[in-house]
2 protein chains.
Amino acid sequence: MNIQLLLRQNGLKITKPRETILAILREADHGMDAEWIREQAVLRGIYINLSTVYRTLDLLEELNILEKFDLGDHRYNYVLKKDHHRHTLTCEICHKSVDMDCPMTKIEELINRETGFSIKEHHLELKGVCRECAQKKERNASSQKKGA
Amino acid sequence: MNIQLLLRQNGLKITKPRETILAILREADHGMDAEWIREQAVLRGIYINLSTVYRTLDLLEELNILEKFDLGDHRYNYVLKKDHHRHTLTCEICHKSVDMDCPMTKIEELINRETGFSIKEHHLELKGVCRECAQKKERNASSQKKGA
DNA sequence: ATGTATGCAAAGTATTTGCACAATC
DNA sequence: GATTGTGCAAATACTTTGCATACAT
């Protein structure tokens, strides 16, 4: 990934804070919070205001370059998206499908924090029903109760 | 689940706020935040201070009855733990194993929020390496680079 | 009666925002 | 030179905490 190219392609100006933040994100292997990113920048001799860090991070998230999540300590963690791998969910009742980003980055970070393990591969299968079918089912269940 | 029994067994006093909060948690099918729980209590005619809600929720989390997580909007969500189903991770290198709570509740809530789907079943397989082996590997990789 | 729980108000913490100045294109 | 980005300080929103009072056992 060429940082300058990435910024230019997204219509963003090339500035030291942005280049530094992207470089830090790229080189880290696990999730980082805003303050930690700022500290890393300081170690590189670049003083960036925390609000600039947050603004840059928000920007990158909107551009779908970055994933942002909270592991439970009320602090956001940020990781560059590696693959844009997605999951398809199919409703077991009406067979309608929807797509979503693979949720495993969050899980992998969580597992790493809790156990120290780094996940190298995952296989995830999900079975579920869509909102409409779930509601229909619930309505049936309650009318049956009344009718019985 | 008998609420009074549950409280008694954990050495907690039986109070209206606690009974109400537990009843609300038990009857809801998806994650709720503290403010929502308080509003539900008000609907039942019970006025509970928000700090009491938070304190009760913290208590239940410590007792491993409740799961607490942030779905990305800087607000905690709470769900009663259904099954105490756990996952075992085995290091692919040294074969050491560790256990952890199944991380899927959070993901299921997230999926529900993003797509509307309710997950009924999941199957998750993970392959990974423990911290020590990951560090050893990294050391080898860097010494090889230098040696080459 | 004793220890525990609650309400209230104040503090805390990560994040966001408004505005003036500075840098990039 | 026009537009976009940054720093600073103040604001925000959720959560936590200290303390006096009230309640459960």
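Because the structure is a prediction, the values reported are computed rather than measured. Throughout, protein chains are lettered first and strands after them, A, B, ... in sequence-line order, and every chain is numbered starting at 1.
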**Q** Rounded to whole Å, how long is the line connecting atom CD1 of A/I14 with atom C1' of D/dT3?
**A**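 Atom CD1 in A/I14 sits about 16 Å away from atom C1' in D/dT3.
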
**Q** Take the protein atom NE2 of A/H74 and the nucleotide atom P of C/dT16, then report the distance between them rounded to whole Å.
**A**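 Rounded to whole Å, this separation is 12 Å.
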
**Q** Could you list the residues that satisfy salt bridge (charged side-chain N to carboxylate O under 4.0 Å, His left out) with A/K16, not counting sequence neighbours?
**A**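 Checked A/K16 against salt bridge (charged side-chain N to carboxylate O under 4.0 Å, His left out); matches are A/E19.
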
**Q** Just jot down the side-chain hydrogen bond (donor to acceptor under 3.5 Å, both in side chains) partners of A/H95, sequence neighbours excluded, or say none.
**A**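 A/H95 satisfies side-chain hydrogen bond (donor to acceptor under 3.5 Å, both in side chains) with no other residue.
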
**Q** D/dA13 C1' sits how many Å from B/D70 CG, rounded?
**A**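 From B/D70 CG to D/dA13 C1': 12 Å.
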
**Q** Not counting sequence neighbours, which residues clear salt bridge (charged side-chain N to carboxylate O under 4.0 Å, His left out) with B/R131? List them please.
**A**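 None.
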
**Q** Suppose we screen for side-chain hydrogen bond (donor to acceptor under 3.5 Å, both in side chains). Which residues come up paired with A/E27, at least two apart in sequence or across chains?
**A**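 Partners of A/E27 by the side-chain hydrogen bond (donor to acceptor under 3.5 Å, both in side chains) criterion, ordered by chain and then number, come out as A/R44.
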
**Q** Does the plane of the ring in A/Y76 sit parallel, tilted or perpendicular to the ring in B/H74? Use 30° and 60° as the thresholds.
**A**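 Taking B/H74 first and then A/Y76, their aromatic rings sit tilted (interplane angle of 30° to 60°).
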
**Q** In whole angstrom, give the distance that lies between atom CG of A/L12 and atom P of D/dT4.
**A**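 The answer, rounded to whole Å, is 11 Å.
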
**Q** Within this structure, what is the CG-to-P distance between B/D73 and D/dA13, rounded to whole angstrom?
**A**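 Value for this atom pair: 14 Å.
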
**Q** Polar atom pairs between nucleotides 16-23 of chain D and protein, under 3.5 Å, N or O only, would you list them?
**A**
from	atom 1	to	atom 2	distance (Å)
D/dG18	O6	B/R55	NH1	3.3

**Q** For C/dA5, does OP1 or OP2 lie under 4.0 Å from any side-chain N or O of B/R18?
**A**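 Looking at the OP1 and OP2 atoms of C/dA5, one of them is under 4.0 Å from a side-chain N or O of B/R18.
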
**Q** On a heavy-atom basis, which atom in A/T90 and which in A/S97 lie closest, and how many Å separate them?
**A**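 Minimum heavy-atom separation between A/T90 and A/S97: OG1-OG, 3.0 Å.
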
**Q** Quick one: on DNA chain D, does B/R8 or B/A34 contact a more 5' nucleotide (nearest heavy atom)?
**A**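 It is B/A34, whose closest nucleotide lies nearer the 5' terminus.
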
**Q** Going by the rule salt bridge (charged side-chain N to carboxylate O under 4.0 Å, His left out), which residues pair with A/E114 if we only count those two or more places apart in sequence or in a different chain?
**A**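 For A/E114 there are no salt bridge (charged side-chain N to carboxylate O under 4.0 Å, His left out) partners, ignoring immediate neighbours.
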
**Q** Measure the distance from NZ on B/K16 to C1' on C/dT4 and round it to the nearest whole Å.
**A**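 Atom-to-atom, B/K16 to C/dT4, this comes out as 18 Å.
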
**Q** With nearest nucleotide decided by heavy atoms, which residue, A/I48 or B/D33, maps closer to the 5′ end of DNA chain D?
**A**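 Closest to the 5' end, via its nearest nucleotide, is A/I48.
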
**Q** Rounded to whole angstrom units, what separation is found between the CD atom of B/E35 and the P atom of D/dC14?
**A**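 After rounding, the gap between these two atoms is 8 Å.
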
**Q** Could you tell me how far apart A/I37 (CD1) and C/dA14 (C1') are, to the nearest whole angstrom?
**A**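 It is 14 Å, rounded to the nearest whole Å.
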
